[in-house]
Amino acid sequence: MKGFTAYLRAIWHVIQKDIRVEWRGRQGVPVMLVFSLLIVFLFNFALQLSPDLQAGLSAGLLWVSLAFASTLGLNRSVSLERENNALDGLLLAPVDRSAIYFGKALSNFAFTFLVALILLPVFSLFYVQNMLKLPLILFILLGVGAYTSLGTLLATLSIQARTRDVLLPILLYPLALPILIAAVEGSRGALIGQPLAELQSWLFLLLASNILFHAAGLMFFETILEE
Amino acid sequence: MNLSKKPKLLIVMDVLAATLVIGALILILFFTPVEAVMGPVQKVFYFHVASAWAGMLSFILAAAAGAAYLITRRINWDWLSLSAVEVGLVFSLIAILSGMVWAQPIWNTWWVWDPRLTTTAIMELIYLAYFILRSGLDTPEAKARLGAVYAIVGVITVPLTFFSIRLFRTIHPVVIAPTDSGTAFNMSPRMLTAFITSLVVFTVLLADLVWNRYRLARLQAQNLEEAR
């Protein structure tokens with residue numbers, strides 16, 4: 001039990017460090033936020049969207065902008081560790097390396113979730129519908145959790161390559177497709193007021209993805225980082 | 001360069017695979033009945049399903065070989081994994097293209113966003129990304145290690161993708177109802193024979209191609225070693 005508390009504390013320290021870096025530099029959340037808003041504007045004109053958007057379209061738009069913006073945050077979060085060999089310092093810490101993975105994944109989750117929470121009122125304003133609904137927030141919680149757990153693993157993987165700046169989206173998007181389908185469909189249902197019972201297959205799919213990809217991170221993070 | 005001689009068993013297998021493919025082709029062209037509704041184009045089905053099967057099988061093989069590499073750290077497993085991905089990519093492409101040839105007259109469209117089609121297409125993209133990942137890495141060791149991780153994580157997302165698209169389709173109205181190629185028409189005994197033969201033949205062909213590609217990977221590695 002004592003070992004487990006120490007493990008949790010190690011995870012918490014990594015999260016704390018990331019939050020501190022973000023607070024001082026403010027290079028993650030604002031970038032993601034601005035980028036996702038830009039995507040909303042691009043899509044608005046590219047697809048000639050009307051202000052009274054159908055629930056399906058606004059859920060799709062929300063997830064596309066989140067998915068794209070999150071890649072920037074993920075890349076930033078990992079390349080931050082590469083600068084000045086900060087990663088070596090982290091790896092020297094006498095803790096299980098999966099604790100570092102969970103710390104990074106959770107802080108990435110927190111930042112992307114924060115961006116989503118800021119986007120919701122903006123979307124409500126732009127597309128004349130109330131998007132601050134609890135079931136929708138539940139789907140965002142689960143969807144972002146699964147997405148960033150897979151994303152953190154693949155960002156750590158792609159940073160090892162020479163082509164690191166362009167690699168992450170190519171590796172991440174095809175594997176993240178089931179997460180995005182479930183998240184968009186669940187969010188759409190939540191927006192048009194379907195009861196959660198009708199959406200439970202999407203909930204289960206997202207829960208399963210969360211478990212699966214966190215487990216993959218637990219298993220492979222150390223393998224990815226060995227030299 | 002030291003080109004080691006091709007193993008006798010591999011030559012035997014080459015000949016066997018080629019004969020079997022020609023034999024299956026004759027069986028399909030001359031001994032299976034023409035399907036009553038769809039006509040001769042239905043004959044695409046035998047090789048189509050067989051190549052989809054071979055593609056899926058080789059991606060599973062690639063993930064298994066990747067896992068074996070991570071456990072044993074013997075580079076041979078990486079050669080096998082890489083070969084399986086490459087061959088699987090070609091088989092899946094054949095499955096998609098032959099499916100399109102069938103879909104155009106039957107569904108009146110080249111492409112439908114049906115779970116099977118979409119999952120196969122996404123699989124192609126996953127394994128193309130696998131090659132892009134490998135090409136960005138410098139040492140054979142890094143290629144093997146990170147390639148193995150990606151092949152394993154990739155293969156576990158495939159059922160998730162299939163399942164999510166199928167759910168998506170059952171909730172949404174389907175514009176063009178896909179008559180499932182395998183189950184919509186009842187196969188006559190001779191069709192069934194040709195179908196199972198095709199599956200067996202393509203499995204042999206897959207084994208032969210992967211073996212040849214594996215041998216190539218080994219020769220490449222030896223060559224690189226000697227060049228140093």
Side-chain angles (χ1 to χ4, degrees), chain A residues 56 143 146 149-151 153-154 156-186 188-189 194 198-213 215-217 219-227, chain B residues 59 63 66-73 78 89 92 113 115 118-139 141-173:
Chain A
S149 64
L150 177 63
L153 181 73
L154 292 179
T156 320
L157 201 153
S158 65
I159 203 85
Q160 318 279 321
R162 261 181 290 112
T163 42
R164 62 183 76 97
D165 303 319
V166 290
L167 204 53
L168 179 63
I170 290 176
L171 296 182
L172 177 57
Y173 296 155
L175 297 193
L177 189 72
I179 303 173
L180 287 179
I181 292 175
V184 169
E185 283 305 294
R188 193 187 61 88
Q194 274 180 313
E198 275 176 41
L199 300 170
Q200 57 175 334
S201 32
W202 301 119
L203 274 179
F204 285 142
L205 202 65
L206 285 178
L207 270 175
S209 314
N210 265 294
I211 295 169
L212 205 63
F213 294 130
M219 271 174 68
F220 293 125
F221 191 69
E222 180 144 22
T223 315
I224 289 174
L225 284 179
E226 31 179 91
E227 287 293 336
Chain B
F59 291 141
Y69 171 78
L70 290 180
I71 295 165
T72 63
R73 299 294 163 138
D78 178 56
L89 211 55
S92 303
W113 292 94
T118 317
T119 308
T120 317
I122 287 292
M123 236 156 55
E124 290 281 302
L125 291 173
I126 292 176
Y127 291 100
L128 284 175
Y130 172 88
F131 284 111
I132 297 174
L133 167 68
R134 284 185 78 109
S135 71
L137 296 165
D138 291 322
T139 63
E141 190 273 331
K143 281 180 207 250
R145 180 163 48 88
L146 301 178
V149 171
Y150 194 68
I152 295 168
V153 179
V155 102
I156 58 177
T157 65
V158 169
L160 274 184
T161 305
F162 181 80
F163 185 58
S164 62
I165 300 172
R166 211 182 59 181
L167 260 174
F168 182 80
R169 283 296 156 197
T170 47
I171 290 171
H172 278 251

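Everything quoted here is computed from the prediction, not taken from an experiment. Residue numbering restarts at 1 for every chain, and letters A, B, ... go by the order of the sequence lines.
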Item checked: Rounded distance [0.5 Å steps], CG in B:Leu133 versus CZ in A:Arg164 -> 13.0 Å
Check: CD/A:Glu226 to CD/B:Glu141 distance, rounded to the nearest 0.5 angstrom?
Finding: 6.5 Å
Check: Which answer fits B:Ser135, side chain, backbone, both or neither, if we ask what part of it has an atom under 4.5 Å from a heavy atom of chain A?
Finding: backbone
Note to self: Looking at A:Arg162 and B:Asp138, would you say the former's side chain and the latter's main chain have a donor-acceptor pair under 3.5 Å?
What the structure shows: no
Checklist line | Side chain, backbone, both or neither of B:Phe162 within contact of chain A (heavy atoms, under 4.5 Å) | finding: neither
Note to self: Looking at A:Phe204, I want to see if its CZ is surrounded by more than 12 non-hydrogen atoms of other residues, nucleotides or ligands under 6.0 Å.
What the structure shows: no
Check: Taking only residues two or more places apart in sequence or in another chain, which ones pass side-chain hydrogen bond (donor to acceptor under 3.5 Å, both in side chains) with B:Arg134?
Finding: B:Asp78, B:Tyr130
Next item on the list: Step by step, work out the side-chain contact (heavy atoms from CB on, under 4.5 Å) result for B:Leu125 and A:Ile170.
Entry: CA-CA 9 Å; B:Leu125 291 173; A:Ile170 290 176; over 6 Å; no
Checklist line | Region of A:Ile179 that comes under 4.5 Å of a non-hydrogen atom in chain B | finding: neither
Item checked: Close side-chain approach of A:Leu175 to B:Tyr150, heavy-atom, < 4.5 Å -> yes
Item checked: Residues that A:Gln194 engages under side-chain hydrogen bond (donor to acceptor under 3.5 Å, both in side chains), provided they are two or more places apart -> A:Glu198
Note to self: Please determine whether the number of non-hydrogen atoms from other residues, nucleotides or ligands lying under 6.0 Å from atom OH of A:Tyr173 exceeds 12.
What the structure shows: yes
Notebook entry, point to check: What heavy-atom pair brings A:Pro178 and B:Thr161 nearest, and what distance separates the two atoms?
Noted result: CD-OG1, 3.4 Å
Check: Just how far is it from atom CG of A:Leu167 to atom CG of B:Leu137, taken to the nearest 0.5 Å?
Finding: 8.0 Å
Checklist line | Heavy-atom pair count under 4.5 Å with chain B, highest-scoring of A:Leu177, A:Leu153, A:Thr223, A:Leu150 | finding: A:Thr223
Next item on the list: Select one option (side chain, backbone, both, neither) describing which atoms of B:Ile132 are under 4.5 Å from chain A's heavy atoms.
Entry: both
Check: At a heavy-atom separation under 4.5 Å, does B:Ile152 approach chain A through its side chain, its backbone, both, or neither?
Finding: side chain
Checklist line | Closest non-hydrogen atom pair, A:Ile181 against B:Ser164 | finding: CD1-OG, 3.7 Å
Check: Rounded to the nearest 0.5 Å, what separation is found between the CD1 atom of B:Ile156 and the CZ atom of A:Phe213?
Finding: 6.0 Å
